[in-house]
Structures are given as C-alpha cells and as structure tokens.
Protein chains: 2
Amino acid sequence: MVQRNRAEIDFGINYSPFNIPASVLQRVKVTQNAVSTYPSPHSENNLTLLSKYLALRKDNVLLLNGSSEGFFILPQACKFKKSTVITPTFWEYAHTLSLHNVQINYLNLLPSFSLNLADLEENLRKSDSVYICNPNNPTSSHIKKDILAFLISKFKNKIFVVDETYLLFSKNYRKETLNQLAAHINNLFVVTSLSKFFSIGGVRLGFCVSSRENIDLIRKFKNPYSTNIFAEQLLPLLFKSSGYIKKTREFLDAEKDRVYGMVARLPWLTPFKPSANFVLVKIEDPKVELKSLLTYLEKRGVRVRSGTEFKGLSNRYFRFCVRTRKENDSLIKSLKDFYTISSSRNS
Amino acid sequence: MVQRNRAEIDFGINYSPFNIPASVLQRVKVTQNAVSTYPSPHSENNLTLLSKYLALRKDNVLLLNGSSEGFFILPQACKFKKSTVITPTFWEYAHTLSLHNVQINYLNLLPSFSLNLADLEENLRKSDSVYICNPNNPTSSHIKKDILAFLISKFKNKIFVVDETYLLFSKNYRKETLNQLAAHINNLFVVTSLSKFFSIGGVRLGFCVSSRENIDLIRKFKNPYSTNIFAEQLLPLLFKSSGYIKKTREFLDAEKDRVYGMVARLPWLTPFKPSANFVLVKIEDPKVELKSLLTYLEKRGVRVRSGTEFKGLSNRYFRFCVRTRKENDSLIKSLKDFYTISSSRNS
C-alpha cells in the first residue's frame with residue numbers, strides 16, 4: 001500500500017491545479033452511437049460555439065488535435081524557409097520546422113531570459129517567420145501585447161506564430177490575447193492548446209486563429225477527421241464551465257507570486273518571475289547537483305521538470321508547475337529539507 | 001415519433017453490420033485520470049498487443065489517428081514526385097498527394113473495373129509510387145496477393161501504398177494481407193483503418209505496416225500525441241473481441257454474395273461482384289435517374305452513396321454497404337418498389 005504522503009505530485013506537467021467539474025466528464029458518453037459517428041469535418045459542429053466564446057468569426061478559427069497539429073501543419077502550409085525560434089522554448093517548433101528543412105535561426109535568451117528587442121529585430125531580418133511562445137515555456141516570461149503588435153506591424157512580410165497556450169491561465173486573457181489582431185491581418189497565426197488549462201492532454205484539443213485566407217490555407221493541410229468524437233462532445237462543455245475558468249485564473253494570479261516569493265527566499269535558488277502557471281528556477285549553489293535534487297524529490301513523490309530537457313537550458317535549471325496551496329507548500333518544504341540534508345553532507 | 005420503418009438505415013457508410021460488444025464500450029472510462037493522461041508517444045503502449053495480433057515486430061507497425069493520418073504523412077515523408085492512382089477510388093490519396101504538388105497519373109478502370117496489368121505496368125514506369133485500395137472502394141474489386149507481390153518485386157524502385165481497410169472484412173485476412181511482406185521489403189506501405197471494420201469512425205484508429213526504416217521515417221512526421229486516450233483504452237479490447245471479428249467475417253462472406261445475386265436479378269441494374277462489404281451498382285435503364293432513386297430511397301429512410309462522389313464514376317452508379325439480412329432485404333424491396341413506380345410513370 002502506497003502511503004498518502006508518498007503519492008506522486010506531478011509539478012512536471014503544466015496543468016491547472018484544479019479539475020474540471022466531474023459533471024462535465026459525466027456528460028461525455030462512450031456509446032455505440034458516439035463511437036460510430038464520424039467527427040464533423042474539421043470539427044465544424046463546434047466552431048460556432050468556440051468562435052462565439054472567442055468573439056471571432058467562424059472562418060477565423062480552426063479546431064485542432066491539440067496545438068501540436070497546428071505546429072505540424074504550419075511549415076507545410078506556409079513553406080517557411082528560415083525561421084526564428086527563441087530558446088529555451090517548447091521543443092515542437094524546431095522539431096516540426098526541421099521536418100520540412102526550414103533553417104532555424106535560434107535566439108538564445110540566456111542568461112536573463114528577457115528579450116532584447118534589437119536582437120529579435122536583427123534576427124527577424126534574416127528569417128521569413130518567427131515562433132513565439134507567450135508566455136514562454138519554460139521561462140514563464142511574457143512579452144507585452146503592444147510590443148508584439150508593434151513588431152507584427154513593423155515586419156509585415158514576416159509570419160508570426162504565437163503560442164498562447166499559457167495565456168489561457170491569465171486573468172487578462174481577453175485583453176492580452178492576439179486573437180482579434182490575428183483575424184484582421186495576414187502575418188499572424190495564434191495557436192492555443194486546451195490541454196494545459198483544462199488538464200486534458202488525453203483528449204486532444206486546441207485551436208488556431210488567423211485571417212480567413214490563412215485559415216483556408218492551413219485547413220487544406222489538415223486531416224478533416226483528426227479530432228475525435230469525445231473531444232467534440234467535451235469542447236462545448238469546457239467553455240460553459242465559467243466557474244472553473246474564473247477560479248483557476250484568480251487562484252493562479254495570486255498563488256504564482258506567493259510561490260515565487262517562497263523560492264526567492266531560498267539562498268541557493270533563483271526563481272524567474274512567473275507570468276504563467278509555472279516557475280523556472282536556477283540552482284545557484286555550485287555544490288548542488290540537479291540530479292541529486294531530482295532523485296531526492298522523486299523519493300518524496302514529487303516530480304519537477306529538468307532543465308536538460310530544453311535546448312538552451314542546462315542542468316542548473318528546473319521548472320515546476322504551480323499547484324494547490326498545500327501542494328506548493330509541500331514542494332517548498334521538500335526543497336528546504338533537501339538543502340539541509342545535502343549541506344550537512346557537504347560540510 | 002418516428003415510425004420504425006422510417007428509421008434511417010445507412011447503407012452509405014461501409015461499416016460492419018454488427019456492433020462491437022456493449023461490454024467493450026463500457027470498459028472505456030471518461031474519468032479525470034483518463035482525460036488528464038497524455039497518450040503514450042505514438043501510442044506505444046498499444047504496439048505490443050497490436051503487433052502481436054498482426055504477428056509482426058513492434059518496429060514494423062505505426063499506430064495512426066485513422067488511416068487518414070497515414071495518407072497525410074506519406075507524401076511528406078517519401079517526397080513522391082509522380083504517383084499512380086487507380087480510379088475510381090478513395091478521394092484521400094489524390095487529395096493528400098496534391099497538397100505536396102505530386103503529379104498524379106490516373107489509371108481509370110472504367111468500364112469493367114477490372115485491372116489490366118499491362119496498363120498498370122506502363123503507368124508505373126512513369127511514376128515513383130502507386131496507391132492501391134485493396135479491395136477497392138467503391139468498386140469492391142480485389143487484386144490477388146500473388147499479383148501484387150509480383151508487381152512489388154518487379155518494380156523495386158517504386159513505392160507501393162496498399163490500403164487494406166476492407167481486407168479486414170475478409171475471412172482470409174491473415175492469408176491475403178501484405179503486412180508480412182511489407183515488414184521485410186523497402187517499397188511497400190500497408191495502411192489499414194479500423195474505423196470501418198469495428199464501426200468506430202469517431203474514435204480515430206488505424207495503423208501502417210512497413211520495413212523498420214520506413215516506419216522510422218514516417219514516425220518522424222507524425223504528431224506523437226495524435227491518438228487520443230480513449231482510442232488507447234479501446235484498441236486492446238477490440239482485438240480481444242474474437243467473437244465479433246469471426247462473426248462479422250463469416251456473415252459477410254456469404255451475405256455479400258446473396259445480396260449481389262438479388263441485385264443481379266433486377267434487369268435495370270448491374271452489380272459488380274463484391275470482394276468487400278459493399279457493392280457497386282450500375283443503372284442500366286437509361287430512363288432511370290440516380291437523383292430520383294436517391295430521393296425515393298431517402299423517403300423510405302434508406303441512404304446509399306452516389307457515384308457522383310467519386311472521380312472516375314458518374315451518376316449512373318451507386319454504392320451500398322452490406323448490412324444485416326433483414327436490412328438488405330428491405331433495400332432490395334425498396335429498389336424493386338422504386339422501379340415499379342417509376343416504370344408505371346414512364347409508360
């Protein structure tokens with residue numbers, strides 16, 4: 001029997017700390033009729049509701065099998081030749097670009113992880129496109145909307161791909177999202193995964209917003225039946241869960257800063273100020289090895305994400321997700337205990 | 001209240017006449033744990049079971065989000081330049097090839113729908129690849145295994161893509177499938193959808209078999225999380241449903257010939273001898289219009305597939321799926337009634 005305090009708490013996956021209401025899942029039915037019904041082409045049955053939620057027209061939105069489907073399609077449809085990717089970031093941008101022999105101009109944000117606009121502009125001049133995760137995974141840094149809008153307007157012949165998966169966690173989502181802008185110009189795709197905000201990575205849901213011409217283009221490259229029938233059943237229920245959406249956003253708005261503050265008080269660690277529902281941390285004490293830390297945490301049933309999993313990071317970094325208050329407190333306690341034990345060994 | 005005899009019977013979709021056992025669907029759970037669990041990358045959790053069922057090694061099989069995912073990937077991965085497509089056939093081959101600017105050499109089987117080997121060989125010499133649906137949709141014709149094996153061996157530098165979705169319905173599936181051959185040579189991909197045989201178009205499941213090198217290649221182009229968690233739950237249960245598999249194959253083996261015989265006795269129609277679970281029919285009476293027939297059938301709650309939906313066919317053809325004995329008898333009765341009414345109007 002696994003003891004309660006040994007149960008695994010996964011700070012490694014950037015999920016919401018809360019569950020969507022059980023009543024929502026109960027309404028997804030695995031019946032003969034459901035499994036034998038083909039999804040509507042390009043999940044068009046759900047477009048009305050989703051586009052209404054986003055305050056957009058239907059022809060500016062494409063439903064996706066997770067944001068991944070969008071990233072696999074974009075290089076095919078847009079035929080990028082040279083693309084800027086800001087690192088460290090989500091691995092799929094570079095992976096899907098390299099499948100289509102796109103030359104990647106990496107722009108590394110180390111050591112401060114703050115974006116130098118001049119650097120980005122210089123890099124952009126050598127590229128036909130740029131991928132920006134905003135807020136960025138794993139740094140949890142955020143580029144303000146007006147800066148992005150300025151760049152997008154200045155570089156009209158460059159395609160901007162902005163991943164707003166983690167912006168969904170923001171109280172200011174509706175103000176900060178570029179969805180509205182994307183619908184009205186021709187050089188911006190906004191891609192958003194629903195997996196993280198609703199903790200539904202198994203369901204496969206995401207969406208892309210762009211001009212009608214751009215959506216028409218990428219829709220052609222999409223398998224029209226890629227979204228399964230359970231995802232079709234679930235999607236409208238998710239966006240009607242306004243209680244869940246509000247609670248998650250309000251809780252994280254305060255809690256991410258509380259957790260950041262607690263880590264900042266540990267002298268051997270430097271957290272980076274989070275804009276999203278996760279925190280990137282640098283190990284400052286040269287005597288502390290990430291591997292030992294991960295092993296220790298794992299023994300306590302706590303999982304975080306190693307910096308070695310990201311190009312442009314290293315084994316001096318780890319990332320953890322902001323979970324419930326109690327879970328976050330237990331993570332901080334584990335970190336403190338680890339350092340006490342490891343310091344006594346080293347001394 | 002819809003009357004029983006008005007309930008719609010869908011002969012338009014090439015599904016099995018039977019349902020998978022209800023106990024199978026009951027074991028697919030929509031729980032918090034399920035939806036929040038990412039599918040295993042490339043559905044690797046299911047590979048052991050599926051490859052065992054197919055008597056293949058795991059590295060010769062790739063799980064797919066329906067066969068469609070395979071067709072969207074193949075032109076990207078194999079970089080075809082000129083491809084032979086035998087028409088009439090499933091629309092997705094030409095569609096996915098055209099997305100990547102592959103020149104398509106069509107080989108039209110009209111009027112007999114039997115394949116002339118010399119024609120195919122001549123066409124193949126002008127192509128680097130060929131798509132063969134076997135049995136073919138919508139003709140229900142079948143190319144024998146030894147003929148295909150001969151061609152594949154003779155044209156070693158041409159890539160053969162063989163769609164065996166409807167071979168799953170055959171009593172001789174294990175004898176007739178090219179899966180074993182595909183695992184051992186370098187110029188054959190066998191793609192199979194599970195949607196039709198198990199009537200699960202909403203779930204999104206299919207697979208591809210080829211050499212290890214070929215599978216490694218196409219796996220790179222695949223979204224590793226394209227298969228949803230419910231499909232992952234369902235797949236092992238499907239292949240353990242040996243009663244369903246056997247019953248479906250044995251029933252259709254006899255029933256398709258019985259239905260063919262009944263249509264053959266109608267003087268105004270010519271059915272083509274079916275190898276799969278559906279029958280293509282030509283309207284021989286020039287006074288009969290397909291549109292009137294479809295309208296009449298629809299009023300009787302019966303849906304069939306119009307020949308106009310296939311490139312290389314026309315409004316002189318329709319396709320219907322073989323369903324249960326009672327349903328098939330009711331289709332034949334509707335066809336007879338239609339002709340009686342329409343003849344009396346025309347005389």
Side-chain angles (χ1 to χ4, degrees), chain A residues 10 13 15-16 19-22 24-40 64-73 75-77 92 95-96 98-100 193 195-196 198-205 220-234, chain B residues 10 13 15-16 19-22 24-40 64-73 75-77 92 95-96 98-100 193 195-196 198-205 220-234:
Chain A
D10 194 349
I13 192 165
Y15 271 174
S16 163
N19 291 336
I20 50 177
V24 164
L25 293 184
Q26 280 157 15
R27 289 178 62 191
V28 177
K29 300 293 185 196
V30 184
T31 60
Q32 181 63 45
N33 185 49
V35 297
S36 66
T37 303
Y38 269 79
S40 55
L64 297 170
N65 176 330
S67 59
S68 299
E69 189 176 33
F71 298 124
F72 275 81
I73 287 173
Q76 296 173 56
E92 255 183 21
H95 173 70
T96 51
S98 68
L99 289 177
H100 300 280
S193 167
S195 298
K196 300 300 192 287
F198 292 108
S199 308
I200 51 163
V203 176
R204 316 309 307 138
L205 273 171
K220 277 205 302 181
F221 285 82
K222 192 180 149 293
N223 170 357
Y225 304 107
S226 64
T227 305
N228 67 85
I229 200 73
F230 310 110
E232 279 209 354
Q233 288 184 44
L234 186 60
Chain B
D10 193 349
I13 192 166
Y15 269 175
S16 163
N19 291 337
I20 50 176
V24 164
L25 293 183
Q26 281 157 14
R27 289 178 60 190
V28 178
K29 300 294 186 197
V30 184
T31 60
Q32 181 61 46
N33 185 48
V35 298
S36 65
T37 303
Y38 268 79
S40 55
L64 298 170
N65 176 331
S67 59
S68 300
E69 188 176 32
F71 298 125
F72 275 81
I73 287 174
Q76 296 174 56
E92 256 183 22
H95 172 70
T96 50
S98 69
L99 289 176
H100 300 279
S193 167
S195 298
K196 301 299 193 286
F198 292 107
S199 307
I200 51 163
V203 177
R204 315 310 306 136
L205 273 171
K220 276 206 302 182
F221 285 82
K222 192 180 150 291
N223 169 356
Y225 304 106
S226 63
T227 305
N228 66 85
I229 199 73
F230 310 112
E232 279 210 355
Q233 287 185 43
L234 186 60

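As the structure is a computational prediction, the values presented were derived from the model and not from experiment. Every chain is numbered from 1, with letters handed out A, B, ... down the list of sequences.
- In terms of non-hydrogen atom pairs under 4.5 Å with chain A, the most contact-rich of His95(B), Glu92(B), Lys222(B), Glu69(B) is Lys222(B).
- Your options are Val30(A), Ile200(A), Val24(A), Ile229(A), and the one with the most heavy-atom pairs under 4.5 Å with chain B is Val30(A).
- Note that CD1 of Ile73(B) and OG1 of Thr96(B) are 10.5 Å apart. Values are rounded to the nearest 0.5 Å.
- If you measure heavy-atom distances from Lys29(B) to chain A, you find no contacts under 4.5 Å at all.
- Taken from CG in Leu205(B) to CG in Leu64(B), the straight-line distance is 9.5 Å, to the nearest 0.5 Å.
- Contact of Thr37(A) with chain B is made through the backbone alone, with heavy-atom distances under 4.5 Å.
- With respect to chain A, the highest number of heavy-atom pairs below 4.5 Å among Val203(B), Asn19(B), Ile13(B) belongs to Asn19(B).
- Rounding to the nearest 0.5 Å places OG of Ser193(A) at 7.0 Å from CZ of Arg204(A).
- The choice from Gly201(B), Ala22(B), Ser199(B) that makes the most heavy-atom pairs within less than 4.5 Å of chain A is Gly201(B).
- Gln76(B) touches chain A through its side chain: at least one heavy atom from C-beta onward sits under 4.5 Å away, while N, CA, C and O do not.
- For the atom pair CG of Leu234(A) and CG of Asn228(A), the computed distance is 9.5 Å after rounding to the nearest 0.5 Å.
- For chain A, the nearby parts of Ile20(B) are the backbone and the side chain; heavy atoms of each come within less than 4.5 Å.
- Contact count versus chain B (heavy atoms, under 4.5 Å) is highest, among Pro39(A), Gly202(A), Ser226(A), for Gly202(A).
- One distance of note links CG of Asn65(A) with OH of Tyr225(B); it measures 12.5 Å at 0.5 Å rounding.
- With a 4.5 Å cut-off on non-hydrogen atoms, Gln26(A) does not touch chain B at all.
- Considering only heavy atoms from C-beta on, Leu99(A) comes within 4.5 Å of Phe72(A) through its side chain.
- Heavy atoms of Thr31(A) lying under 4.5 Å from chain B belong exclusively to its backbone.
- With a 4.5 angstrom heavy-atom cutoff, Tyr15(B) touches chain A only via side-chain atoms.
- In terms of heavy-atom pairs under 4.5 angstrom with chain B, the leader among Ala77(A), Pro224(A), Ser68(A) is Ser68(A).
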